[in-house]
Amino acid sequence: MLDIAVINAADPESRSGANVLRWFLGQAGRRDDLRPDVVDLGRTPLPAPSAPRAGAGTREARELAARIGAADGFVMITPEHNHAYPAVLKLAIDAVRREWAAKPAAFVSYGGQSGGLRAVEQLRLVLAELHVVTLRDTVSFHRVETRFDERGEPLDRAGVDGAAKVLLDQLMWWGTALREARAARPYTV
Ligand SMILES: Cc1cc2nc3c(=O)[nH]c(=O)nc-3n(C[C@H](O)[C@H](O)[C@H](O)COP(=O)(O)O)c2cc1C
């Protein structure tokens, strides 16, 4: 059983964001090999952006660091805003340091034509600095507003459920391997 922090960068008012999160947690809930901790950034107190290292040492940063530190891996769920991921996600990334290291991250993205893929590619660059291992496969919702029915269910259920299974299988592989490796030999940052 791995502890997985599901870091949601959606705007709290976003219907598309709520659909994607609900669908993903349904997929995660089917499995008996992971325990999700939903870090909903729109509803999580974050450090002020003006402080050095986005407020490291503040109560908000310590609380976030404890949740990231307790995780064996991450799923980042993100929309694309102006060809990047939302600022709230950068704030959270910058508020934590060592707790990210030597752990895997998987991505679920959504947006317009690009499905959030440009946001994911930017995340890969940033997370490399923090020693996060990013997974090749992603799940992306292109033109997300057309991908769910009025009840919030995905229209291509077989397609996206299959993609989520691949994603989570790979995350479990890396999460298990890296947890064993960190236990055998501490990773130095
Ligand atoms: C400020 C802003 C910038 C956006 N920029 C992009 C973008 O560059 N590429 C893209 O595919 N979608 C972009 N979108 C669309 C979002 O990724 C997303 O699909 C949409 O906001 C989700 O629906 P919602 O409005 O219900 O949250 C943008 C949305 C906002 C609010």
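Heads up: numbering here begins at 1 and tracks the sequence. Whatever order the structure lists them in is the order used to number ligands and atoms, beginning at 1.
- Two rings, from Phe148 and Trp23, have their centers 6.0 Å or more apart.
- Atoms of ligand 1 lying under 4.0 Å from any heavy atom of Val144, numbered from 1 in the order shown and given with element: 19 (O).
- Arg59 has a carboxylate O that lies under 4.0 Å from a charged side-chain N of Glu63, or vice versa, which qualifies the two as a salt bridge.
- A salt bridge links Arg124 with Glu121: the distance from a Lys NZ or Arg NE/NH1/NH2 to an Asp or Glu carboxylate oxygen falls below 4.0 Å.
- The shell of residues lying under 4.0 angstrom from ligand 1, judged by heavy atoms, excludes Gly17.
- The minimum heavy-atom distance linking Tyr187 with Ala102 is given by the pair CG-CB, 3.7 Å.
- Residue Arg147 holds its CZ atom at 8.5 Å from OG of Ser140, rounded to the nearest 0.5 Å.
- Using a 4.0 Å heavy-atom cutoff, Glu145 is absent from the residues neighbouring ligand 1.
- Counting the atoms of ligand 1 from 1 in the order shown, those under 4.0 Å from a heavy atom of Ser114 are 11 (O).
- Ranking the protein heavy atoms by distance from atom 25 (O) of ligand 1 puts Ser14 OG, 4.7 Å first.
- With rounding to the nearest 0.5 Å, the separation of CG in Asp11 from NE2 in His81 is 7.0 Å.
- For atom 8 (O) of ligand 1, the closest non-hydrogen atom of the protein is His83 N, 2.9 Å.
- Close contacts between ligand 1 and Tyr110 involve ligand atoms 17 (O) [criterion: under 4.0 Å to a heavy atom].
- The distance from atom CZ of Phe141 to atom CZ of Phe24, rounded to the nearest 0.5 Å, is 10.0 Å.
- The closest protein non-hydrogen atom to atom 18 (C) of ligand 1 is Gly111 CA, 4.0 Å.
- The shortest contact between atom 23 (O) of ligand 1 and any protein heavy atom is with Ser16 OG, 3.5 Å.
- Looking only at protein heavy atoms, the nearest one to atom 12 (N) of ligand 1 is Gly112 N, 3.3 Å.
- At a 3.5 angstrom cut-off on N or O pairs, Pro79 does not count as close to ligand 1.
- The nearest protein heavy atom to atom 20 (C) of ligand 1 is not closer than 4.0 Å.
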- Evaluate side chain to side chain donor-acceptor pair (under 3.5 Å) for Glu80 paired with Ser114, printing each intermediate quantity in order. CA-CA 8 Å; Glu80 180 167 304; Ser114 76; 3.0 Å; yes

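- From the protein, the heavy atom lying nearest to atom 5 (N) of ligand 1 is Asn82 N, 2.8 Å.
- Two residues are said to be in side-chain contact when any heavy atoms from C-beta on lie closer than 4.5 Å; Val108 and Val20 meet this criterion.
- Between Asp3 and Lys103 there is no salt bridge, since none of the side-chain N atoms of the basic residue sits less than 4.0 Å from a carboxylate O of the acidic one.
- With hydrogens left out, the protein atom closest to atom 30 (C) of ligand 1 is His81 CD2, 3.5 Å, a heavy atom.
- Heavy-atom proximity to Arg15, at under 4.0 Å, picks out these atoms of ligand 1: 26 (O).
- On a distance-only criterion, Glu80 and ligand 1 share at least one N/O pair closer than 3.5 Å.
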